[in-house]
Amino acid sequence: MRRVSPDFQRARRPEQVEARRTAILDSARELLAERPVSQISLRELSDRVGLAKSNVLRYFDSREAIFLEVLDSIWVAWLDELEDELGAPRDAKPGYEREVRVAAVIATSISRQRLLCELISTMAAVLERNISVETARAFKTRAGERTERLADVVRAQVPLDAEAAGHFAKAVFILVAGLWPYANPGEAVATVLAERGAPAGREMFVDGLTEGLANQLVGLVVRAGQSLGR
């Protein structure tokens with residue numbers, strides 16, 4: 001447990017409030033590096049940062065709100081990396097090689113962001129369940145902005161309109177949310193899968209996500225071409 005001074009606990013000025021929020025988020029990240037979000041309680045988080053639970057709740061309205069804030073910051077950092085990894089757009093080639101490449105780069109890139117994938121997989125079912133309307137509104141606004149940015153990144157690589165690119169961007173997170181738990185099973189299921197020769201978790205995740213995203217992207221490109229051909 002961190003030891004903090006009484007002055008730390010009594011935040012009055014905006015910069016003090018921001019310092020408390022930062023300390024709470026840093027502690028949340030530390031705990032997430034040790035165990036899944038489902039195993040972290042508000043009490044444990046409060047003990048780690050060195051504040052009473054009631055004090056933590058002055059800065060965030062719930063445990064879930066804290067982890068949504070962590071999710072958003074990691075999401076932004078990943079988008080920064082993804083733009084660099086995709087590089088300059090490439091010309092279309094037979095067999096939809098360009099679309100498959102984009103899908104593979106996205107899948108491989110996000111697979112390296114283990115914490116992001118874990119939080120995405122719990123977002124709808126857990127993290128968005130115990131928050132205030134104000135927190136939900138703020139998070140959904142930012143989530144919309146992140147999704148639009150991903151759509152713009154994809155549009156820079158593949159000729160899609162805004163609606164189609166937005167559909168694809170949403171599909172990225174839906175597929176991650178579904179595939180991540182499946183690729184990271186409990187010990188008993190992992191043992192059985194290994195006995196059956198199933199690929200390791202990360203390989204299973206990357207392969208499944210690449211295939212799903214490639215199918216989405218190629219399908220959207222084909223539909224866009226058909227629409228223009230009418």
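Computed over heavy atoms, backbone and side chain alike; hydrogens, waters and symmetry mates excluded.
For R196, the CZ atom sits in a loose shell: 12 or fewer heavy atoms of surrounding residues, nucleotides or ligands are nearer than 6.0 Å. Annotation for R43: atom CZ does not count as buried by contact number, only 12 or fewer foreign heavy atoms lying within 6.0 Å. The environment of R29 atom CZ is dense: over 12 non-hydrogen atoms of other residues, nucleotides or ligands sit within 6.0 angstrom. Heavy-atom contacts from other residues, nucleotides or ligands closer than 6.0 Å to CD of Q39 number more than 12. The environment of CD in E85 is crowded: more than 12 heavy-atom neighbours from other residues, nucleotides or ligands sit within 6.0 Å. Within a 6.0 Å sphere centred on CD of E15, heavy atoms belonging to other residues, nucleotides or ligands number more than 12.
Annotation: side chain to side chain contact (heavy atoms under 4.5 Å, CB included) contacts of A177 (sequence neighbours excluded): I120.
Here the side chains of D84 and E81 are not in contact, with every heavy-atom distance at 4.5 Å or above. Side-chain contact between R48 and E30 is present, with at least one heavy-atom pair separated by less than 4.5 Å. Side-chain contact between S27 and E44 is absent, with no heavy-atom pair separated by less than 4.5 Å. Side-chain contact between W75 and V70 is absent, with no heavy-atom pair separated by less than 4.5 Å. Looking only at side-chain heavy atoms (C-beta outward), R20 and R58 stay at 4.5 Å or farther from each other. For the pair F60 and T135, the minimum side-chain heavy-atom distance is 4.5 Å or more. Proximity of T122 to S38: side-chain heavy atoms (C-beta onward) are nowhere separated by under 4.5 Å. Looking at heavy atoms from C-beta onward, V154 lies in side-chain contact with I106 at the 4.5 angstrom threshold.
A single hydrophobic cluster is not seen to contain both V76 and V153; linkage of ILVMFWY side chains at heavy-atom distances under 4.5 Å, directly or through other members, places them apart. Note on V222 and F168: same hydrophobic cluster, where clusters join Ile, Leu, Val, Met, Phe, Trp and Tyr whose side-chain heavy atoms are under 4.5 Å apart, directly or indirectly. Neither I174 nor M123 shares a network with the other; the hydrophobic side chains, linked directly or stepwise wherever heavy atoms of I, L, V, M, F, W or Y lie under 4.5 Å apart, form separate groups for each.
Side-chain atoms of R98 never come within 3.5 Å of backbone atoms of D91 as a donor-acceptor pair (strictly under, hydrogens ignored).
Closest approach of P185 and L193 over heavy atoms only: CG-CD1, 4.0 Å. Smallest separation of non-hydrogen atoms from A169 and A151: CB-N, 3.9 Å. Heavy-atom minimum distance, P89 versus A156: CG-O, 3.0 Å. In terms of heavy atoms, R129 sits closest to A124 at NE-O, 3.1 Å. The two atoms that bring A107 and T210 nearest to each other are CB-OG1, 3.2 Å, heavy atoms only. For A183 against M204, the heavy-atom pair with the smallest separation is CA-SD, 3.8 Å.
Inspection of the Q157 and R90 side chains reveals no N or O donor paired with an N or O acceptor under 3.5 Å. Neither side chain, T108 nor S111, offers a donor N or O lying under 3.5 Å from an acceptor on the other.
For W180 and F173, the ring centers sit 6.0 Å or farther from each other.
Once rounded to the nearest 0.5 Å, the distance linking CD1 of I74 with CD of Q113 reads 7.5 Å. Atom CG of L127 sits about 8.0 Å away from atom CZ of F139, to the nearest 0.5 Å. From L25, atom CG reaches atom CD of E18 across 8.5 Å, with rounding to the nearest 0.5 Å. In this structure, NZ on K140 lies 8.5 Å from OG1 on T147, to the nearest 0.5 angstrom. From I110, atom CD1 reaches atom SG of C117 across 4.5 Å, with rounding to the nearest 0.5 Å. Between L150 atom CG and E145 atom CD the span is 14.0 Å, to the nearest 0.5 Å.
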Exercise. Kindly determine whether L217 and V100 satisfy side chain to side chain contact (heavy atoms under 4.5 Å, CB included), including the steps that lead there.
Key: CA-CA 8 Å; L217 202 50; V100 173; over 6 Å; no
Quiz prompt | Steps toward side chain to side chain contact (heavy atoms under 4.5 Å, CB included) verdict (F205, N184) | solution = CA-CA 9 Å; F205 179 75; N184 293 274; 5.6 Å; no
Exercise. Would you please test I66 and Y59 for side chain to side chain contact (heavy atoms under 4.5 Å, CB included) and show each step?
Key: CA-CA 9 Å; I66 295 169; Y59 306 104; over 6 Å; no
Practice problem: For the pair R142 and E69, evaluate salt bridge (charged side-chain N to carboxylate O under 4.0 Å, His left out) and give the outcome as yes or no after the intermediate values. | Solution: CA-CA 10 Å; R142 286 180 294 173; E69 194 77 19; 3.2 Å; yes
Exercise. Just do the side chain to side chain contact (heavy atoms under 4.5 Å, CB included) check on L57 and L42 with the steps written out, would you?
Key: CA-CA 9 Å; L57 294 175; L42 180 58; 3.8 Å; yes
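Under a 4.0 Å N-O distance rule, the pair D80/R149 qualifies as a salt bridge. Using a 4.0 Å cut-off between charged nitrogen and carboxylate oxygen, R35 and E118 do not count as a salt-bridge pair. In summary, D72 and R146 engage in a salt bridge, as defined by a charged side-chain N under 4.0 Å from a carboxylate O.
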